[in-house]
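This report concerns only the one structure given below.
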Amino acid sequence: MATANPIDYLPIIIQFIVAIGFVIFGMIGSHLLGPKKHSKVKDDSFECGIEAQGNARLPFNVKYFLTAILFVLFDVEVIFMYPWAVNFRDNLGNGTWFWEMILFVVFLMLGFLYIIKKGALDWD
Amino acid sequence: MDITILIYQAILVVFIFSVSLFVAMYSTYAERKVAAFMQDRIGPDRAGPFGILQPLADGVKMFMKEEFIPNPSDKFLFVVGPCVAMFTACISSAVIPWGDSLSINGHILSLQVADINIGILYVFGVVSMGVYGIMIGGWASNNKYSMIGAIRASSQLISYEISMGLALIPIVMMSGSISLKTIVEQQQGIHWNVFVQPLSFLIFLICAFAETNRTPFDLPECETELIGGFHTEYSSMKLGFYLFAEYINMFVSSAVMAALYFGGYNFPFIHSLGLSHNAVTLLGVGFFFAKIFAFIFFFMWVRWTIPRFRYDQLMKLGWKILIPLAILNILITGALMMIKAS
């Protein structure tokens, strides 16, 4: 496998600069070109054609929050699997290599079963 | 690295950037033509022959429209949202190998912006940053529809990211690398990954639909319930950036799928044609783009065929079906590889 070299990332920096340039150009360009007419009613947020009631930043369903927490948990597990997967082919002769992952997945699935049984993923 | 290579790479970046903008632009045209064809209509036909200049007209219109920032919104974040969405869409194409290499005057020029060894992880990282664009935009608008759209979008994007990451692990196990270039090189001729890992491809395809907010997963912006979802309050080029970012994402995810599962720039009988290296490379680029366009067409075909999921169905599919399937696929792949080796 190729060794990492910081200089490999230079083209990505160039792409970042081009992308930022394009975004700034688009924003400033459309800001300068478009007409600007303000009125009190027009500057209100659009809801149903009547006056907006209250603030939009209301408490929302806790399920969304639970999903976010579970995502953090599972995404970390996924990242743990990548180094294992990259080296898997070179360690086929090593018997414990596969069983260790089975053990890891079993623990992961136990947690997964627990959150399903708890109803954390039910949206009804 | 000397200065000519640097200049070449800068030119390549600008060229690929322009190509992806061009493809995204004409995807909007193609989408309307495909929709028209499927619904037995004509579609855009006024701007230029067959309406071919329609994307240009749309772009100019977006630019000239009035910029509108609602009073109750958080004005700074309101501008930052679409910028982040567009920026992440534009940088994700950096690691895709568009072709093999060209040799001109003894210089070997690679047709890939950056061959970094973390390859696919870079794509995942950038794609998951895209959720910030939507969340910031929706929250900053201070509009109930935008807020609901943004929460739905974030929840959907992060849920499908897990299955996407898991779906790819069998490919990584088989190729022993996460560099996109290495994975493509291993699929010489017709040894495409899709034939070995159809389940992995299917999961990845479904996740790609969800990650790009395309129908049947377009809940964040479903117009019948949420007006425009997270971009309800946006107008002018800010709205343009959101819509455009979606098409660029579609292009990039088509490219990633073509590279990972359909052999990238490889095509059958690649070495028995007796052509020079440069000709084969250019032909390969042509094949790669043909595969990408086929995927983009597939995205559109699905959009005009399948209705939208309900939110609980979406979550059930992502968490209770795709994740266990992907993990099962990893274990089966591992077991088969062990049996084959012993």
Side-chain angles (χ1 to χ4, degrees), chain A residues 1-4 7-12 14-16 18-20 22-23 26-27 29-31 33-37 42-47 52 55-58 60 64 67-68 71 74-75 78-79 81-82 85-90 92-93 98 101-102 105 108-109 112 116 121-124, chain B residues 1 9-10 13-14 17 62-67 70-73 79 83 86-87 90-91 94 113-117 121 139 141-144 146-147 151 155 158-159 161-162 165-166 169 172-174 176-179 232-233 236-237 241 311-312 315-316 319-320 323 327 331 334 337-338 341:
Chain A
M1 184 191 266
T3 48
I7 205 85
D8 292 344
Y9 290 83
L10 197 63
I12 291 187
I14 300 175
Q15 182 135 2
F16 276 29
V18 173
I20 290 175
F22 176 76
V23 167
M27 279 293 162
S30 72
H31 180 72
L33 282 171
K36 286 167 201 70
K37 294 195 191 86
K42 188 178 172 188
D43 283 354
D44 257 351
S45 53
F46 175 78
E47 252 157 43
N55 197 319
R57 288 155 196 169
L58 296 166
F60 51 87
Y64 292 104
T67 310
F71 160 73
F74 275 86
D75 217 35
V78 171
I79 280 303
M81 285 187 184
Y82 269 85
V86 170
N87 293 307
F88 184 72
R89 208 175 56 169
D90 300 331
L92 278 176
F98 182 60
M101 184 44 75
I102 297 250
V105 167
L108 185 65
M109 283 290 111
F112 190 66
I116 287 179
L121 299 174
D122 292 336
W123 284 77
D124 306 316
Chain B
M1 183 184 289
Q9 254 157 353
V13 166
V14 173
F17 192 75
M62 284 286 185
F63 248 102
M64 306 297 285
K65 279 284 174 185
E66 177 170 3
E67 200 184 33
N71 250 342
S73 68
V79 180
C83 291
M86 190 66 191
F87 175 70
C90 289
I91 60 176
V113 172
D115 184 15
I116 50 176
N117 59 359
L121 289 183
W139 189 82
S141 299
N142 204 352
N143 176 325
K144 296 177 189 78
S146 308
M147 186 70 185
I151 294 170
S155 198
I158 60 178
S159 298
E161 225 162 76
I162 304 173
L166 285 171
I169 287 179
V172 176
M173 283 160 73
M174 283 169 48
S177 170
I178 45 176
S179 155
T232 302
E233 292 286 359
S236 177
M237 208 54 199
F241 273 178
Y311 204 79
D312 62 317
M315 282 301 176
K316 196 176 166 201
W319 283 91
K320 291 187 183 167
I323 291 180
I327 288 182
L331 296 183
M337 282 175 76
M338 294 280 283

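All values derive from a computational prediction rather than experimental measurement. Just so we're on the same page: letters track the sequence lines, and every chain starts at 1. FYI, side chains are in, hydrogens and waters are out, and symmetry mates aren't considered; it's all heavy atoms of this structure.
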Go through A:Ser30 and B:Met62 one step at a time and tell me if the side chain to side chain contact (heavy atoms under 4.5 Å, CB included) criterion holds. CA-CA 8 Å; A:Ser30 72; B:Met62 284 286 185; over 6 Å; no

Contact class of [X] relative to chain B, heavy atoms under 4.5 angstrom:
{"X": "A:Phe60", "result": "side chain"}
{"X": "A:Ile116", "result": "side chain"}
{"X": "A:Val78", "result": "both"}

What's the separation between atom CD1 in B:Ile323 and atom CE in A:Met109, rounded to the nearest 0.5 Å? 7.5 Å

A:Ile79 side, atom CD1; B:Leu121 side, atom CG - distance, nearest 0.5 Å: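 A:Ile79 CD1 to B:Leu121 CG: 5.5 Å, rounded to 0.5 Å.
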
Apply side chain to side chain contact (heavy atoms under 4.5 Å, CB included) to residues A:Met81 and B:Leu166 and explain how you reach the verdict. CA-CA 8 Å; A:Met81 285 187 184; B:Leu166 285 171; 3.8 Å; yes

Should A:Phe74 and B:Glu161 be marked as a side chain to side chain contact (heavy atoms under 4.5 Å, CB included) after you check the CA-CA gap, both sets of side-chain angles, and the distance that decides it? CA-CA 10 Å; A:Phe74 275 86; B:Glu161 225 162 76; over 6 Å; no

Closest-packed option against chain A by number of heavy-atom pairs under 4.5 Å, given B:Ser179, B:Ser159, B:Ser155: B:Ser155

Residue among B:Cys90, B:Ala341, B:Gly334 with most heavy-atom pairs under 4.5 Å to chain A: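 Ranked by contacts with chain A, first place is B:Gly334.
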
Evaluate the criterion side chain to side chain contact (heavy atoms under 4.5 Å, CB included) for residue pair A:Arg89 and B:Met173; output intermediate values, then yes/no. CA-CA 6 Å; A:Arg89 208 175 56 169; B:Met173 283 160 73; over 6 Å; no

Could you tell me which portion of B:Ile327 (side chain, backbone, both or neither) has an atom closer than 4.5 angstrom to a non-hydrogen atom of chain A? side chain

State, yes or no, whether a side-chain contact exists between B:Ile91 and A:Ile12 at a heavy-atom distance under 4.5 Å.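 SC-SC contact between B:Ile91 and A:Ile12 ruled out.
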
What about the rings of B:Phe87 and A:Phe22, do their centers lie closer together than 6.0 Å?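 B:Phe87 vs A:Phe22: aromatic centres not under 6.0 Å.
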
Run the ring-centre check on A:Phe71 versus B:Trp319 and record whether the distance is less than 6.0 Å. no

